[in-house]
Amino acid sequence: MIFLLSFHLLALNLRERVTEEVEAYKRTILYIINREKQILKNQIKDYTYWKDLGENAVVKRDKLWIKSNINPWIKNTLGYDVVLFTEDRRVITSSFNFPLNKIPLKREIEISLMEINKDFYLYAVGPVYDENRKKFYGAYLLFARKVDTEYIKGLEEIMGIRLTFVSKDSSNKVSLEDYYKYPYLHMVVPLENGIYVVMDKEDTSLHKFNKMMLIIFGISLGIILILSISLIRVLLNITFKPFEKLVEVSHKIANGEYEIELIKNRDDELGDFIKAFTYMISKIKEREEKLKWEKRETEKLAYLDHLTGVYNRRFLEESYENIKRNHSLFSLVFVDLDNFKNINDRWGHELGDRVLVNVSEFFKKNFRDYDILVRYGGDEFCIILLNIDKDTAEKIVHRVKEKFEIEMMSSFGFNLSFTYGIAEYPKDGEDLNTLLKVADERMYKYKD
């Protein structure tokens, strides 16, 4: 009876150790998927709260702008499929066929998983607003990433286990339950919408431990109960100390901590497991760094005009407060190319685009490196001359204009000039809209 009780305690302890290992894997996969969701949310947020998207893609349906900024640009640059559609679910542009009727539309960004024709997609959908979230354009933007073979393979390399995404409707009840059947651990993590991630790992160390315990149990038949239990506890602590460490490490990984130490120099199955776990951590860290870099690059591109490569209107609006904090004086120059529409009408938009690129290069070369050049829209440019008052700016821009007319004639063989207006901060106003209005009014006085 005493020995049966001892064996039962051993079985309970083994089951507890298996449970701890399973929970460590489950926490890790949930952390990775939730990080993917957060990255996806941050990336789609950069687009849904973008006035240019609402004006150019939703209102004007500008095909060239959509092609350069949404579809196929999103797929080629970020790797996401994309759908832009109206509030009544009419598609404006789409890189794939997504069942829009199956998703709820809310005024906040929603992230979820969905099964489409036996494939699984992680998607995010959000309403299209301006930067201040005051104007809703009656449209929604959706990013989706297919959980394909390549994506799953990347997760398997990180975790060192085999992964399968399944749905509740296409799986039997047994496959959606955790079990340990030598030499495999079968672990199931429910996600959402009836979708599960199933993890299978070959693990002989637990079986060997169980076999070792049976041998010790047989030898200890003639030993006093207290001594046998004490010996087993010592062996358990020695054998499973690395697993306890891994459980602790999994908690740290879930909190984003990667600078950790694991037990090294073990030449056995546990040593192999620890090496695989260490490799998994390094892969997660590499992926985090890559995602951060991709986000920085996406943010950088969002502030550049896709044709000329100079800053766009969005950059000016979002960085204006920072300019004010760092400079007590500057002049805002608003520039409008004269008769540019005639160039497009007479020679076509391709030449018109070349002219805009040359104009941007000219301005970059003829103003200081730290002055701020913005393509405000169409044939309009905005230049902020830092630490310069209006009178000085007037002299500078006048000289630049004379040189501009000569170089444009030399480059294209026709007359091209520009009209400008200047507003001084803080003399003519302190907020951006006021300065733009003053400069615009002064520019039109010159045109008259």
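Just so it is clear, the model here is predicted, and its values are computed rather than measured.
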| Considering residues, nucleotides and ligands other than Lys437, do more than 12 of their heavy atoms fall under 6.0 Å from its NZ? | no
| said: Can you confirm whether Lys41 is buried at NZ, in the sense that more than 12 heavy atoms of other residues, nucleotides or ligands lie under 6.0 Å from that atom? | reply: no
Are the aromatic ring centres of [X] and [Y] under 6.0 angstrom apart?
X      : Y      : value
Tyr311 : Tyr303 : no
Phe363 : Phe381 : yes
Tyr121 : Phe96  : yes

| Minimum-distance pair of heavy atoms, taken over all atoms of Leu385 and Arg368 | C-NH2, 3.9 Å
Thinking salt bridges, do [X] and [Y] make one under a 4.0 Å N-O criterion?
X      : Y      : result
Glu317 : Arg313 : yes
Arg314 : Glu318 : yes
Asp130 : Lys51  : no
Arg107 : Glu87  : yes
Lys168 : Glu115 : no
Asp81  : Lys75  : yes

Kindly assign one of parallel, tilted or perpendicular to the pair [X] and [Y], based on the angle between their ring planes and the thresholds 30° and 60°.
X      : Y      : result
Trp73  : Tyr47  : tilted
Phe136 : Tyr129 : tilted
Phe165 : Phe120 : tilted

| remark: Residue set satisfying side chain to side chain contact (heavy atoms under 4.5 Å, CB included) with Asn69, at least two apart, ordered chain then number -> Trp50, Trp65, His306
| note | Sorted by chain and residue number, the side chain to side chain contact (heavy atoms under 4.5 Å, CB included) partners of Asn71 (sequence neighbours excluded) come out as Val82, Thr93, Ser95
| query | Is there a donor-acceptor pair closer than 3.5 Å between any side-chain N or O of Arg375 and the backbone N or O of Gly378? | reply | yes
| task | Examine distances only and state if a side-chain atom of Glu156 and a backbone atom of Leu163 form a donor-acceptor pair shorter than 3.5 Å. | result | yes
Does one side chain, of [X] or [Y], offer a donor that lies under 3.5 Å from an acceptor on the other?
X      : Y      : value
Gln38  : Asn34  : no
Tyr123 : Glu110 : no
Asn322 : Ser319 : no

